[in-house]
Number of protein chains: 2
Amino acid sequence: MTTETVRRTADERREEILDAAFEAFAQSGFVGTSTEAIADAVGISQPYLFRLFGTKKQLFLAAVERCLEQTHEVLEAGLAAQEPGADPMIAMGEAYRVAIERPGLLRMQMQAYVACDDPDVRAVVRDGYGRLVMRIAAATGASPQEIAGFVASGMLLNVLAAMDVLESDLPWAALLREGCIGGP
Amino acid sequence: MTTETVRRTADERREEILDAAFEAFAQSGFVGTSTEAIADAVGISQPYLFRLFGTKKQLFLAAVERCLEQTHEVLEAGLAAQEPGADPMIAMGEAYRVAIERPGLLRMQMQAYVACDDPDVRAVVRDGYGRLVMRIAAATGASPQEIAGFVASGMLLNVLAAMDVLESDLPWAALLREGCIGGP
DNA sequence: CCGTGATGTTAGTGATGACTCACAACCATG
DNA sequence: CATGGTTGTGAGTCATCACTAACATCACGG
């Protein structure tokens with residue numbers, strides 16, 4: 001048998017674990033996901049996961065931070081791609097169409113929000129989300145109504161992803177989706 | 001000692017349990033809430049809870065249904081209270097100001113959404129939420145953009161409730177709150 | 001006043017899950 | 001080849017939790 005054990009550096013392992021944890025937490029949430037399931041997905045033993053991350057909560061917090069970072073990146077990419085002089089609000093709306101391609105990211109956002117019952121999670125989420133909002137405000141100079149409307153659209157997309165109706169042809173789902181990101 | 005055991009009918013108990021379960025699930029979610037905690041809050045033994053609801057999931061589903069019903073009621077109340085001839089969209093916006101007074105309701109919505117990983121929950125949530133959206137569409141006759149915008153505002157409020165920033169004076173939170181429901 | 005059905009509890013059980021300890025295999029360097 | 005740091009695991013521990021079986025207590029009709 002050639003089940004040769006692929007040995008990796010601790011940093012590489014941490015990266016793999018974080019990837020697996022992200023998907024698992026996005027699907028089943030913090031309490032609903034077992035560390036064993038994550039370890040299995042990576043292909044390592046569960047004790048090793050604990051050595052590399054210390055605690056289930058620390059791993060979750062790392063996933064939350066990554067989630068906020070990636071959201072930020074999606075936004076920045078939208079801004080960077082815009083025509084000079086165009087309305088930045090439209091550029092960021094375009095960014096949503098990109099985000100939709102990653103339901104895992106949207107679901108992870110939801111999981112981060114509901115996990116805000118925990119103070120440590122809450123601190124990270126508030127901080128990260130606050131930065132996102134301020135970045136939008138600074139980039140667009142839009143009114144509170146416009147900004148809130150934009151952010152709210154993102155939240156609606158998150159919820160549609162959680163309900164798994166982003167691709168659905170249920171009439172109400174199609175209506176919301178198209179009302180949210182524009183026609184087909 | 002006058003710890004006289006208050007005996008109730010099964011239906012009254014079910015009601016009490018549902019109340020307690022609603023608050024508990026809203027706070028900690030389906031997996032994060034123990035049936036023991038709910039039983040304790042009601043002041044009954046945990047096995048009795050199981051006799052009256054059969055299963056933790058059935059209890060959760062009952063709480064989800066109640067959540068959707070109450071959301072519907074808030075909306076209907078807004079519509080019923082409007083001036084004849086006024087824009088129904090504005091009436092329902094006013095309904096949000098009422099909903100904000102009940103963070104438990106908003107948080108329970110979030111918990112229902114993330115619990116959509118489970119097919120049974122998903123079915124109930126999709127059905128209930130679909131009805132809400134169609135009711136709004138019928139009552140307002142508004143465009144998909146308007147409807148989605150309205151629904152999205154509700155989602156943003158849910159998230160702000162989950163983050164516990166509905167009363168916060170963090171600048172970004174205040175911006176979103178006011179951008180969402182209008183100035184003070 | 002006694003039986004019968006409804007309301008309620010005590011004391012489990014089996015499974016799961018976060019986390020630990022001791023040990024093993026591997027690799028680099030002197 | 002010895003040594004020591006790094007990568008990794010097997011086999012637990014202890015708590016929690018959904019759910020059950022059996023028994024207790026009350027109220028009420030005949």
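First the proteins, then the strands, lettered A, B, ... as listed; each starts at 1. From a predicted model like this one, the values you see are computed outputs, not experimental measurements.
Side-chain contact between A:Ile90 and A:Gln82 is absent, with no heavy atoms from C-beta onward closer than 4.5 Å. Here the side chains of B:Leu59 and B:Leu18 are in contact, with some heavy-atom distance below 4.5 Å.
B:Glu16 places its CD atom 13 Å from the P atom of C:dT7, with the value rounded to the nearest Å. The distance from atom CZ of A:Phe53 to atom P of D:dT7 is 13 Å, rounded to the nearest whole Å. The separation between A:Phe60 atom CZ and C:dC19 atom P is 14 Å, rounded to whole Å. The nearest whole Å value for the distance from the CD atom in B:Gln58 to the C1' atom in D:dC19 is 13 Å. Computed from coordinates, the B:Asp40 CG to C:dT10 P distance equals 12 Å when rounded to whole Å. Atom C1' of nucleotide D:dT6 and atom CZ of A:Arg14 are separated by 12 Å, given to the nearest angstrom. In this structure, CZ of B:Arg8 is placed 15 Å from C1' of D:dC26, rounded to the nearest angstrom. Summarising the geometry, the separation between CD1 on A:Ile44 and P on C:dA24 is reported as 21 Å, rounded to the nearest angstrom.
The aromatic rings of B:Phe30 and B:Phe25 sit tilted relative to each other, their planes meeting at an angle between 30° and 60°.
Listed in residue order, the members of residues 112-121 of chain B having a heavy atom less than 4.0 Å from DNA chain C come to none. The stretch residues 18-28 of chain B has no heavy atom under 4.0 Å from DNA chain C, so no residue of it qualifies as close.
With sequence neighbours left out, B:Asp127 forms a side-chain hydrogen bond (donor to acceptor under 3.5 Å, both in side chains) with B:Arg131.
Counting Ile, Leu, Val, Met, Phe, Trp and Tyr side chains that sit under 4.5 Å apart, directly or through other members, A:Val31 shares a hydrophobic cluster with B:Val31.
Distances from the side chain of A:Tyr48 to the nucleotides D:dT20, D:dT9, C:dA25 place D:dT9 closest. When distances run from any side-chain atom of A:Arg7 to the nucleotides C:dC19, D:dG8, C:dT9, the shortest one goes to D:dG8. Comparing D:dT9, C:dT9, D:dG8 against the side chain of A:Arg51 picks out D:dG8 as the nearest.
Separation of atoms CD1 (A:Ile181) and CD (A:Glu94) is listed at 9.0 Å; rounding is to 0.5 Å.
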Show which side-chain atoms of residues 105-115 of chain B pair as donor or acceptor with protein atoms under 3.5 Å away, not counting sequence neighbours.
from: B:Arg107; atom 1: NH1; to: B:Ala161; atom 2: O; distance (Å): 2.6
from: B:Gln109; atom 1: OE1; to: B:Tyr113; atom 2: OH; distance (Å): 2.9
from: B:Gln109; atom 1: OE1; to: B:Asn158; atom 2: ND2; distance (Å): 3.0
from: B:Gln109; atom 1: NE2; to: B:Thr71; atom 2: OG1; distance (Å): 2.9
from: B:Gln111; atom 1: NE2; to: B:Ala26; atom 2: O; distance (Å): 3.4

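Taking 4.0 Å as the cut-off between side-chain N and carboxylate O, B:Asp120 and B:Lys57 count as a salt-bridged pair. Salt bridge absent: B:Glu69 and B:Arg66 never bring a charged side-chain N and a carboxylate O closer than 4.0 Å.
Nearest heavy-atom pair, A:Ala41 versus A:Ala20, reported as atom, atom and distance to 0.1 Å: CB-CB, 4.1 Å.
By the rule that hydrophobic residues join a cluster once side-chain heavy atoms approach within less than 4.5 Å of another member, B:Met134 and A:Leu170 end up as members of one cluster.
Residue B:Thr9 is the one, among B:Pro47 and B:Thr9, whose nearest nucleotide of DNA chain C lies closer to the 5' end (criterion: closest heavy atom).
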Pull out every protein N or O sitting under 3.5 Å from an N or O of nucleotides 12-18 of chain C, one pair per line with the distance.
from: C:dA18; atom 1: OP1; to: A:Thr33; atom 2: O; distance (Å): 3.3
from: C:dA18; atom 1: OP1; to: A:Lys56; atom 2: NZ; distance (Å): 2.8
from: C:dA18; atom 1: OP2; to: A:Thr35; atom 2: N; distance (Å): 2.9
from: C:dA18; atom 1: OP2; to: A:Thr35; atom 2: OG1; distance (Å): 2.9

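Heavy atoms of other residues, nucleotides or ligands lying less than 6.0 angstrom from CD of A:Glu167 number 12 at most.
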